Amino acid sequence: MRIVVVGANGTTGQEVVTQALAAGHEVIGAVRRPEALSHIKGVKVAKIDLSDAGTLSTAMQGADVVISTLGHGGIGAAMKFTTLYSDATRTIRTAMRAAGVKRIMVLSSGGTVDNDMAPGFYTRLLRRLLINTYTDMARMETILEESPDLEWTIVRLTYLRKGPTKPFLAQEGKLDRGNFQIHFVDAARFIVDELTAREWINAHPVLGYDKGAKAFSNSATSTLA
């Protein structure tokens, strides 16, 4: 499968690229700074401008799926007003239509919707601090939901952290339990597995760990509840 990863230079993006290559996919990293991916063997790199659909369309020629792993890269930037996600998604959609690509997966957040089951640190701290980012992610989600010509998967992440791979929950819309955290490696694992599984087309899977989930002794194991 030929995959274009937009924003492949970030932590999640690089993990998606690495795991997709290991799974045998052809991967094009679409980034502003090609040198940011020079350490990943096997990835093809396309220099793009998120405000220029033409550069994206060129990178997408012959692609089966576009994956957007765009992010601000820090909590300070994520607290500020932004239209990064919505603006980029409109440009990506225009480029996909020009290139004839129908399928897209994007990273969003469980913070785009209210959830009474979320722990206090999530509702009283993170959601308040990052409301500007969550608001624009919600706009991004609406853009895709209103695109009937596309097959979209909106992957809503919870608190994203570094750590080992573990069994995780994937539920539609919002989580009904768990600690509302997910590691970069498992966010990427879900995305790469979904490329061929196609179980979440036109859906909003939310990822997180059940309370007490332990790391796999074999990182190749995959368990979704």
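Source: prediction; values computed, not measured. The basis for the numbers below is simple: all heavy atoms, side chains too, and nothing from hydrogens, waters or symmetry mates.
Taken together through direct or relayed side-chain contacts under 4.5 Å among Ile, Leu, Val, Met, Phe, Trp and Tyr, Phe190 and Met1 form part of one hydrophobic cluster.
Across Lys102 and Met96, no two heavy atoms sit closer than the pair C-CE, 3.9 Å. Here the shortest heavy-atom pairing between Gly29 and Val43 reads N-CG2, 3.8 Å. Smallest separation of non-hydrogen atoms from Ala8 and Val31: N-CG1, 3.6 Å. Summarising the geometry of Gln171 relative to Trp200, their closest heavy-atom pair is C-CH2, 3.9 Å, with the distance given to 0.1 Å. Taking each heavy atom of Ala53 and Thr94 in turn, the nearest pair found is CB-CG2, 3.9 Å. Contact detail for Val4 and Ala30: the closest heavy-atom pair is CG1-CB, 4.0 Å.
Ion pairing between a basic and an acidic side chain is recognised when a charged N comes within 4.0 Å of a carboxylate O; Asp210 and Arg177 show such pairing. Ion pairing between Arg189 and Glu15 fails under the 4.0 Å rule for side-chain N and carboxylate O. Between Arg97 and Asp149, at least one side-chain N (NZ, or NE/NH1/NH2) sits under 4.0 Å from a carboxylate O, which counts as a salt bridge.
With values rounded to the nearest 0.5 angstrom, Leu107 atom CG is found 13.0 Å from Arg156 atom CZ. Here CD1 of Ile48 is found 4.5 Å from CG of Leu56. Values are rounded to the nearest 0.5 Å. Taken from CG in Asp176 to CG in Leu169, the straight-line distance is 8.0 Å, to the nearest 0.5 Å. Taken from CD1 in Ile182 to OG1 in Thr12, the straight-line distance is 10.5 Å, to the nearest 0.5 Å. Ile154 contributes atom CD1, which lies 12.0 Å from atom OG of Ser109 (distance to the nearest 0.5 angstrom). The line from CG of Leu207 to CG of Asp186 is 8.5 Å long, rounded to the nearest 0.5 Å.
Under the 3.5 Å distance criterion, the side-chain polar atoms of Thr142 are matched with a main-chain donor or acceptor of Ala138. In this structure, Asn9 contributes its side chain and Leu37 its backbone to no donor-acceptor pair below 3.5 Å. When atom types are taken as modelled, the side chain of Gln19 and the backbone of Val185 share a donor-acceptor pair closer than 3.5 angstrom. Using a distance-only test at 3.5 Å, with no hydrogens or angles considered, a donor-acceptor pair links the side chain of Thr91 to the main chain of Leu50. Looking at Arg32, its side chain never comes within 3.5 Å of a backbone N or O of Asp49 through a donor-acceptor pair.
Under the side-chain contact (heavy atoms from CB on, under 4.5 Å) criterion, Ser86 pairs with Thr83, Arg90, Asp136, Arg139, Ile143, not counting sequence neighbours. When the side-chain hydrogen bond (donor to acceptor under 3.5 Å, both in side chains) test is applied to Arg161, the partners found at least two apart in sequence or on another chain are Gln181. In this structure, the salt bridge (Lys or Arg N to Asp or Glu O under 4.0 Å) partners of Arg198, at least two apart in sequence or on a different chain, are Glu151. With sequence neighbours left out, His183 forms a ring pair (Phe, Tyr, Trp, His ring centres under 6.0 Å) with Tyr209. Contacts of Lys44 classified as salt bridge (Lys or Arg N to Asp or Glu O under 4.0 Å), with partners at least two apart in sequence or in another chain: Glu26.
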> When you look at Lys47 and Thr55, which way does the side chain to side chain contact (heavy atoms under 4.5 Å, CB included) test go after all the steps?
Replying inline: CA-CA 7 Å; Lys47 184 175 181 179; Thr55 63; over 6 Å; no
>> Test side chain to side chain contact (heavy atoms under 4.5 Å, CB included) on His25 and Thr196; report intermediate values, then the result.
In response: CA-CA 10 Å; His25 299 293; Thr196 52; 4.2 Å; yes
>> Run His204 and Glu141 through side-chain hydrogen bond (donor to acceptor under 3.5 Å, both in side chains) and show every step you take.
In response: CA-CA 9 Å; His204 316 73; Glu141 293 188 2; 4.9 Å; no
>> Run Thr158 and Val206 through side chain to side chain contact (heavy atoms under 4.5 Å, CB included) and show every step you take.
In response: CA-CA 7 Å; Thr158 46; Val206 189; 4.2 Å; yes
> Stepwise, does the side chain to side chain contact (heavy atoms under 4.5 Å, CB included) test hold for Thr153 with Ile104?
Replying inline: CA-CA 6 Å; Thr153 302; Ile104 180 171; over 6 Å; no
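Using a 4.5 Å heavy-atom threshold, the side chains of Arg103 and Trp152 count as separate. Contact of the Val5 side chain with the Ile28 side chain is not registered, since no non-hydrogen atoms from C-beta on lie closer than 4.5 Å.
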Counting only pairs under 3.5 Å, give me each side-chain donor-acceptor contact of residues 59-71, with atom names and distances, residues two or more places apart or in other chains.
unit_1	atom_1	unit_2	atom_2	d
Gln61	NE2	Ser57	O	3.0
Asp64	OD2	Arg2	N	2.8
Thr69	OG1	Val6	O	3.2
Thr69	OG1	Gly7	O	2.9

